[in-house]
Amino acid sequence: MDILNNIKQPDDLKLLLQNQLLQLAEEIRKLIIDVAAENGGHLASSLGVVELTIALYKVFDFPTDKIIWDVGHQAYAHKILTGRRDKFHTLRKKGGITGFPKITESKYDAFGTGHASTSISAALGMACARDIDRQTYKVVAVIGDGALTGGEAFEALNNAGALKKDIVIILNDNEMSISKNVGALSRYLDKIRIAPEYTKVKKDVGTLLQHLPKVGDRVYKTASLLKDSIKNVLVAGNLFEEMGLSYIGPVDGNDMPKLIEVLQGINNMQGPVLLHVITKKGKGYMPAEKKPDKFHGIGRFDIQTGESLGKISNIPTYTQIFSEMLLKMAEVDKDIVAITAAMPGGTGLTPFSQKYPERFFDVGIAEEHALTMAAGLAAAGKKPFVALYSTFAQRGYDQILHDICLQNLPVTICLDRAGIVGEDGPTHHGVFDYSFLRNIPGILMMAPKDENELRRMMYTAAGCKSPAVIRYPRGQACGVNLDAGVQTVDIGKAEIITESAGDTVIIAVGTMVHPARKAAQKLSDEGIACSVVNARFIKPMDENMFAELGRTKRFILTVEENVLAGGFGSAVLEILSRNDAMPPKIKCMGLPDQFICQGARSELLQENNLTAEGIISVIRENSIK
């Protein structure tokens with residue numbers, strides 16, 4: 001009997017018997033594997049919480065009760081159970097359902113997520129609103145042990161313990177975020193995992209005291225010191241209870257009957273409760289169980305073997321070029337150190353961590369800390385390279401401005417996955433960094449046109465005595481030949497790629513330089529002569545060159561893979577205005593003032609005209625004869 005096809009709404013599973021719930025879990029797991037194999041996605045995390053998801057829907061009354069999935073990459077089972085099973089094959093595709101919770105997608109998605117460590121704050125806010133309105137629904141936050149390393153999570157825990165609101169926090173502990181977890185918190189959870197007898201002993205002590213003749217109740221109420229002593233001996237101090245939360249666990253998060261029993265008890269408790277569950281990342285699919293980091297976020301793969309079905313190419317990725325170049329520079333310069341925020345694999349720093357472990361720092365999901373730590377390293381004479389995804393660097397804006405740039409410290413921030421990243425959608429596109437960084441005084445911001453220029457920019461940044469940012473995209477580089485020796489780039493100097501006597505010039509930056517050059521070549525065949533300039537720098541810009549172009553050309557087109565608002569094109573306009581060098585016609589191409597949906601990178605670039613063909617069409621429409 002097919003159980004899943006009979007689940008039309010979440011309440012339907014409340015009628016299922018235990019053996020039926022277990023079968024339902026296997027059917028959900030199979031569907032997740034099948035769709036992820038075809039579409040890619042966050043597989044291992046979602047497989048680990050299938051039993052937990054079913055148990056939550058068995059016990060709580062969603063959507064009247066509210067559930068918030070931290071990050072949300074583990075919410076596939078949640079989506080399947082909440083009326084999106086028939087659309088699940090569209091997961092992460094353009095026009096399909098998203099890979100993360102999204103308020104506008106379903107009434108069961110109480111809060112949109114995509115970045116870590118936000119769930120407890122949002123849950124506490126909802127609980128406060130509930131109490132103001134004198135309602136009684138439950139609020140549940142599911143947060144991973146990786147996300148718990150983020151500072152916002154601890155700020156929320158601190159406030160939750162003080163406010164004493166009725167919320168349920170489920171700590172989904174699989175000993176990983178994307179890569180293996182690091183830090184003191186991870187070691188603390190290790191201690192709890194190896195001492196699960198604490199929960200049983202605490203319960204046994206309470207039962208024993210309550211049954212003492214005559215004095216039992218009075219002794220039980222005053223025995224907290226004794227219980228705390230037992231607790232401290234067993235788990236070296238319970239951080240969560242000291243913060244004012246009732247701690248329960250650890251519980252096997254893949255044991256559905258036990259989970260249901262525990263959640264039913266929690267449903268009747270008052271005040272903030274933290275349930276610590278231990279799950280198996282990748283559970284039910286052996287390749288993902290063996291290599292959960294590989295299957296955290298994966299492209300299309302063969303279900304039988306677990307091997308990727310992506311195109312094999314000899315062209316390296318920008319991340320690989322960054323990784324190799326940093327190793328070469330660090331071999332010569334002993335002051336170079338590397339920092340990342342729980343992403344050594346994704347940012348290409350794993351080889352560095354293996355070769356120079358004493359000069360490598362993975363701080364967990366804590367970008368703010370990573371950046372200020374880098375400032376401290378720089379202040380002490382080191383040359384830190386901080387590798388972050390562009391979308392996650394947004395969380396460290398104040399640290400970049402206040403701790404690094406205000407003090408003019410030589411920290412190099414390397415923004416991987418900049419621009420449109422594809423199927424992960426609006427929570428992960430790195431399309432705002434030009435805009436939110438270029439307004440900071442003293443910052444050096446560069447974007448390479450290809451992998452060779454990336455190496456040159458890294459070499460340039462290592463020699464700078466001020467803050468530097470290098471921004472590069474996800475995926476394969478351009479396949480150009482690498483210079484035998486690496487030279488620096490003249491700071492603030494643009495590069496003329498194609499020079500013509502025509503009235504039109506394209507000023508492109510970063511990933512848009514090659515489409516601009518291709519467009520110019522095609523237009524030349526039509527008799528439209530275009531010059532092409534590789535800006536290289538977002539700040540400082542080549543003010544003299546751009547002002548001269550404004551005075552001598554009749555049409556300037558700027559092209560960038562960033563939002564237009566406050567971005568590269570805006571900076572060019574400021575230069576032209578400041579120098580009284582506005583040409584008769586100027587256009588700026590970039591991304592519109594809206595969040596860009598999910599979809600293949602090529603699809604989204606084409607949709608937003610950021611291709612050679614798009615550039616050609618704009619020039620044809622605006623070319624001055």
Side-chain angles (χ1 to χ4, degrees), residues 102 104 112 114-115 388-398 400-401 405 413 415 417-422 424-447 469-474 494 506-513 515-516 533 535-543 546 550 555-579 581-583 585-599 601 603-611 614-615 617-619 621-622:
K102 186 177 181 181
T104 56
H115 291 184
L388 304 171
Y389 287 7
S390 173
T391 184
F392 301 142
Q394 294 163 185
R395 295 187 289 206
Y397 181 78
D398 183 60
I400 296 172
L401 190 156
C405 292
I413 303 166
L415 299 182
R417 270 54 166 192
I420 290 173
V421 298
D424 280 342
T427 58
H428 283 61
H429 294 316
V431 297
F432 303 101
D433 48 61
Y434 289 172
S435 303
F436 72 73
L437 289 173
R438 78 172 186 86
N439 59 77
I440 302 176
I443 199 167
L444 170 65
M445 191 171 188
M446 303 174 272
V469 175
I470 308 173
R471 186 228 214 213
Y472 47 94
R474 177 185 185 182
I506 308 168
I507 305 177
V509 66
T511 55
M512 292 294 102
V513 174
V533 173
R536 286 178 169 165
F537 295 87
I538 296 84
K539 189 171 185 176
M541 285 186 170
D542 196 332
E543 184 145 349
F546 294 171
F555 177 31
I556 292 179
L557 176 66
T558 69
V559 194
E560 64 190 293
E561 193 178 338
N562 190 83
V563 293
L564 284 169
F568 170 74
S570 295
V572 174
L573 288 172
E574 291 166 13
I575 287 175
L576 298 176
S577 174
R578 185 164 57 244
N579 288 275
M582 295 294 285
K585 184 172 287 190
I586 183 166
K587 293 284 184 181
C588 297
M589 292 183 70
L591 295 168
D593 188 22
Q594 64 189 51
F595 291 106
I596 305 301
C597 68
Q598 70 204 38
R601 174 173 158 78
E603 286 182 309
L604 299 179
L605 287 173
Q606 184 172 8
E607 184 178 85
N608 289 280
N609 257 3
L610 295 180
T611 60
I615 294 170
S617 67
V618 171
I619 291 178
E621 292 171 7
N622 292 276

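If you read the sequence from its start, that first residue is 1, and numbering goes on from there.
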Name the atoms and distances for all side-chain donor-acceptor pairs under 3.5 Å in residues 586-597, with sequence neighbours left out.
none

Roughly how far, to the nearest 0.5 Å, is NE2 of His428 from CZ of Arg474? 9.5 Å
Measuring only between side-chain heavy atoms, which start at C-beta, is Val559 closer than 4.5 Å to Pro515? no
Backbone of Ile440 reached by a side-chain donor or acceptor of Lys539 within 3.5 Å: yes
Test your reading of the model: is there a side-chain donor-acceptor pair from Gln606 to the backbone of Thr611, 3.5 Å cut-off? no
Test side-chain hydrogen bond (donor to acceptor under 3.5 Å, both in side chains) applied to Thr391 and His115, Arg417, His429, the passing residue: His115
Is the shortest heavy-atom distance from the side chain of Asp542 to the side chain of Val533 under 4.5 Å? no
Enumerate the side chain to side chain donor-acceptor pair (under 3.5 Å) contacts for residues 567-576, please, sequence neighbours excluded, ordered by first and then second residue. Arg438-Glu574
Taking side chain as C-beta onward, heavy atoms only, is Phe568 less than 4.5 Å from Ile507? yes
So, the side chain of Arg471 versus the backbone of Gly430: is there a donor-acceptor pair under 3.5 Å, distance only? yes
Kindly indicate, with the supporting measurements, whether the criterion side chain to side chain contact (heavy atoms under 4.5 Å, CB included) is fulfilled by Thr511 and Leu605. CA-CA 11 Å; Thr511 55; Leu605 287 173; over 6 Å; no
Pairwise distance OG1(Thr427) to NZ(Lys102) - rounded to 0.5 angstrom: 9.5 Å
Considering all heavy atoms, the nearest Ile538-Met446 contact: CD1-C, 4.1 Å
Minimum heavy-atom separation for Leu604 to Gly599, with atom names? CD1-O, 3.6 Å
Residue pair Ile506 / Ile619, side-chain heavy-atom distance below 4.5 Å: yes
Within the distance-only criterion (no hydrogens, no angle test), does the side chain of Glu560 pair as donor or acceptor with the backbone N or O of Gly569 below 3.5 angstrom? yes
Stepwise, does the side chain to side chain contact (heavy atoms under 4.5 Å, CB included) test hold for Tyr389 with Val421? CA-CA 10 Å; Tyr389 287 7; Val421 298; over 6 Å; no
With rounding to the nearest 0.5 angstrom, report the CG to OH distance, Leu415 to Tyr434. 10.0 Å
Between Val563 and Ser435, what is the shortest heavy-atom contact and its length? CG2-OG, 3.5 Å
Pair Lys585-Leu557, side chain to side chain contact (heavy atoms under 4.5 Å, CB included): steps then yes or no: CA-CA 9 Å; Lys585 184 172 287 190; Leu557 176 66; over 6 Å; no
If you measure from CG on Leu444 to SG on Cys405, what distance do you get to the nearest 0.5 Å? 10.0 Å
Atom pair CD1 (Ile400) and CG (Asp433), whose distance is rounded to the nearest 0.5 Å: 9.5 Å
Looking at every non-hydrogen atom in both residues, tell me the closest pair between Arg536 and Val509 and how far apart they are. N-CG2, 4.3 Å
Value rounded to 0.5 Å, distance of CG in Asn608 from CD in Glu603: 11.5 Å
